[in-house]
Enquirer: 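Before I ask anything, let me first share the structure, which is written out below as structure tokens.
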Protein chains: 2
Amino acid sequence: MNGEKKLEHARERVIEAISQNMNLYGVTESIGRLYGALYFQEGPLTLDEMKDELGMSKTSMSTSVRSLLELKMVGKVWKKGVRKDLYQAEPDWYQTFIDFFSIKWRTGISINVSAMEKSLAELQSLVEDEGTDSKVHAEAKQDIEKLTDALEYYDWLNRLVDSFESKEIFNYIPKNS
Amino acid sequence: MNGEKKLEHARERVIEAISQNMNLYGVTESIGRLYGALYFQEGPLTLDEMKDELGMSKTSMSTSVRSLLELKMVGKVWKKGVRKDLYQAEPDWYQTFIDFFSIKWRTGISINVSAMEKSLAELQSLVEDEGTDSKVHAEAKQDIEKLTDALEYYDWLNRLVDSFESKEIFNYIPKNS
DNA sequence: CAGTACGTACAGTTTTTTCTGTACGCGTTA
DNA sequence: TAACGCGTACAGAAAAAACTGTACGTACTG
């Protein structure tokens, strides 16, 4: 086997692993492979180059790259004299990790907290209402406790994300052990 | 609207939010709803009760509950005199969070690290080989650097997971702010 | 030792997601 | 201003997944 092939294989294995890994968090394998491909490129790629690299449609490249942009796993690059859009992988995996989970966690927090606060208010009024059936009353009280605990947890998660975004986490878990 | 209905609605909203949230991380909405339903139950449920609760097949409940078990989001409960399997939601969300991401992250680390180490070795030998084409040689060197960085990142991630599993993280980001 | 209850493997169906090709709007070029 | 190149919206096709019902192995029950 010649050197080029060896290089190719070595990359391919890692790209596949990256892809599987991303797949664990709900990212399509194709999108994962695209990220992997970009990761090993020296420079940024155009949609057409990606299409050739992965053997997929340009449409797919367009949508996939947009997903990666939203996750901040790739960035758009401007290059003088080049009309096509250029994209390159964010090479710093610490940063990728932080962005990826910060985005997801904040989204989740926001979904859950707003639902919980709304429900919590309803349950409060249910408990305060004299006419509420005693069984319902008891269950509502239990639910209130659960939701209160959950909200406390979300406060904690928010602070965890803060420590990621501010890089404070690296004071606690340093990059170089 | 009567009290029971109100309670039901309040719960339903939160269950839906939980489900959406879990869906962000690649967990099916159905599985999310099952967790949510279990979360609001006072006691553990049997597969048949879940089936009735969610209006789905028993087979689905069986497979869904297994997924939740693997994520340690539910636990199997033994109750004297009851032949059916009983499951209940892990109520502590800090713990759920830790388990969920520890499991996922460790899996990802293991996939990626082993692929990277293998490829790294191949690339090393490629670089050491005198006969390697100079362009390939240069690219291999670059890849080696990338993989070395990535492995360093995975070492960090491993330590982060350690701090989760050991609860040390709560020293840095305390539960009560 | 039947008979029954339970959980799940498996195959088939339905639903959802992913992927592609065409068509179009916009901006650049000649 | 016409012609071209680019990225993407959209609709349909292909692939994947979620879900169900049946059937079966195992473990209790009488």
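The figures here come from the full heavy-atom set of this structure, side chains too, leaving out hydrogens, waters and symmetry mates.
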Enquirer: Hey, does the side chain of Ser19(A) reach the backbone of Ile15(A) with a donor-acceptor pair shorter than 3.5 angstrom?
Expert: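 Looks like no, no N/O pair under 3.5 Å.
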Enquirer: What is the distance, to the nearest angstrom, from the CE atom on Met56(A) to the P atom on dT17(C)?
Expert: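 Answer to the nearest Å: 17 Å.
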Enquirer: State whether Ser30(A) places a side-chain N or O below 4.0 Å from either non-bridging phosphate oxygen (OP1 or OP2) of dT18(C).
Expert: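 So the side chain of Ser30(A) is outside the cut-off, no N or O lying under 4.0 Å from OP1 or OP2 of dT18(C).
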Enquirer: Assign Thr63(A) to base, sugar-phosphate, or nothing according to its heavy-atom contacts below 4.0 angstrom with the strands shown.
Expert: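 Result for Thr63(A) = nothing.
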Enquirer: Can you tell whether the side chains of Asp162(A) and Arg106(A) come within less than 4.0 Å, N to carboxylate O?
Expert: yes
Enquirer: Can you tell me the distance, in whole Å, between the CZ atom of Arg66(B) and the C1' atom of dC19(D)?
Expert: 15 Å
Enquirer: Between Glu90(A) (side chain only) and Asp92(A) (backbone N and O only), is there a donor and an acceptor less than 3.5 Å apart?
Expert: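 Present.
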Enquirer: Can you work out whether Asp85(A) or Asn23(A) has the more 5'-proximal nearest nucleotide on DNA chain D?
Expert: Asp85(A)
Enquirer: Rounded to whole Å, how long is the line connecting atom NZ of Lys51(A) with atom C1' of dG7(D)?
Expert: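 About 13 Å, once rounded to whole Å.
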Enquirer: As a test of understanding, state which of Ile169(A), Asn158(A), Leu160(A), Val161(A) forms a side-chain contact (heavy atoms from CB on, under 4.5 Å) with Ile173(B).
Expert: Leu160(A)
Enquirer: Whole-Å distance between dA18(D) P and Glu29(B) CD?
Expert: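 Whole-Å distance recorded here is 11 Å.
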Enquirer: Check the orientation of Phe164(A) and Trp105(A). Use parallel for under 30°, tilted for 30 to 60°, and perpendicular for over 60°.
Expert: tilted
Enquirer: Does Lys58(A) have a side-chain nitrogen or oxygen under 4.0 Å from the phosphate oxygens OP1 or OP2 of dT20(C)?
Expert: no
Enquirer: Closest to the Lys84(B) side chain: dC6(C), dT18(C), dT20(D)?
Expert: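 So the side chain of Lys84(B) is nearest to dC6(C).
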Enquirer: Does the plane of the ring in Trp156(B) sit parallel, tilted or perpendicular to the ring in Phe97(A)? Use 30° and 60° as the thresholds.
Expert: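 Correct class here is perpendicular.
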Enquirer: In whole Å, I'd like the distance from the CG atom of Leu34(B) to the P atom of dA18(D).
Expert: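 Nearest whole value for this atom pair: 15 Å.
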Enquirer: So, OP1 or OP2 of dT20(C): does either fall under 4.0 Å of a side-chain N or O from Ser60(A)?
Expert: yes
Enquirer: Nearest whole Å is fine: how far is dT8(D) P from Glu70(A) CD?
Expert: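 The distance from CD of Glu70(A) to P of dT8(D) comes to 12 Å, rounded to the nearest Å.
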Enquirer: Where do Arg13(B) and Glu122(A) land on the salt bridge (Lys or Arg N to Asp or Glu O under 4.0 Å) test, with the steps shown first?
Expert: CA-CA 11 Å; Arg13(B) 180 188 299 110; Glu122(A) 290 176 8; 2.8 Å; yes
Enquirer: dC19(D), OP1 or OP2 - any side-chain N/O from Ser57(B) closer than 4.0 Å?
Expert: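 Indeed not, no polar side-chain atom of Ser57(B) lies that close.
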Enquirer: Rounded to the nearest Å, what distance is computed from the CZ atom of residue Arg33(A) to the P atom of nucleotide dT18(C)?
Expert: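 Atom CZ in Arg33(A) sits about 13 Å away from atom P in dT18(C).
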Enquirer: Side chain of Thr59(B) only, heavy atoms from C-beta on: which candidate in dC19(C), dA9(C), dC19(D) is closest?
Expert: dA9(C)
Enquirer: Nucleotides 25-30 of chain D: which of its N/O atoms have a protein N/O under 3.5 Å away?
Expert:
none

